[in-house]
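Here is the structure we will look at, set down as structure tokens.
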Amino acid sequence: MNRYGVDHLPGLPASVTICEVGPRDGLQNESTLVPVDVKVEFVERLVDAGHTVVETTSMVHPAWVPQLADAEEVLRRLDRRPGVRYPVLVPNRRGLDRALDLGVTDIAVFASATESFAKANLNRTVAESLEMFAPVVARAREADLTVRGYLSMCWGDPWEGEVPLSQVVDVAARLLALGCTELSLGDTIGVATPGRVVALLDALTAAGVPSGRIAVHFHDTYGQGLANTLAALRCGVTTVDASAGGLGGCPYAKSATGNLATEDLLWQLDGLGIHTGVDLTKLAETSAWLAERLGRPSPSRATRALTGQGGTSSAG
Ligand code: MG
């Protein structure tokens, strides 16, 4: 609860599910290698803080993402609690087999709205990447898993610039047709602004995609993460991705801020009286704890303000 006061705004949901992506999307973009013990404790602390969806790790080949080479060990050691979902990123059939062997019940696949990023990230065309995911999603659905489809570069691409709405809607529809249970729309380079967010969500609604199937994944590179979130909530979105402490830089703009920080998001949602079930104080303590292990302060403004980390002065 925010001791500075709570006021509601019309047109917003009563509750929001936060998809905490710190352990996967956050750590994946951190250069300091984090030991397995710390990763397991990190996920458990996030759940202790009240998170019910924590994206835990990724089954990508260790050569691509050395930080997450210990995925199987993390999943084996983790005390997975009932009522909490621990999604795992799965790039292909082999990754799905490994995930199923470890009792994973929620997976995510990673697609791109643009050809340039599909080529850079997956070394495939958009169509080829969807062909690769088709059997993965089908088999996961047969096994009753939830499947989140990430869609990158929805609001801009570093090579292509502006991305046509129709192009994003087309790939989104194809992901849902494959059987994805949820779409996470990614502003991978953080260039979106609120009007652009509404334009895409309106286009998806017009194409018949229910807002309940959509999550938003904003990056704070240009300081727009919270404004974009508010715009999305007003369009009926109730699932928001965020990373504890703002973990994970932006891989395409060196030293720029990447993922929206969960604490910054919570400060806003708590102040609006929107229920999340996540305790801001516990979460900020967890982020400060992890920042110490990474050897640098959290980039989250709320975390710094709440924990005194980062040497910010209140003078002036
Ligand atoms: Mg991200």
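Order of listing sets the numbers, starting from 1, for every ligand and every atom in it. When a residue number appears, it is its place in the shown sequence, counting from 1.
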Between [Y] and [X], does any NZ, NE, NH1 or NH2 come within less than 4.0 Å of an OD or OE carboxylate oxygen?
X	Y	result
D220	R301	yes
E182	R148	yes
R76	D70	no

* To do: Tell me, yes or no, whether the heavy-atom count around R234 atom CZ, taken from other residues, nucleotides or ligands under 6.0 Å, exceeds 12.
  => no
* R94 atom CZ, over 12 foreign heavy atoms within 6.0 Å -> no
* To do: Using the side chain to side chain donor-acceptor pair (under 3.5 Å) rule, collect all pairs that involve residues 167-177, keeping only residues at least two apart or in two chains.
  => D170-R174
* **the Mg ion (ligand 1): protein N, O or S atoms [distance under 2.8 Å]** => D25 OD2, H217 NE2, H219 NE2, N259 OD1
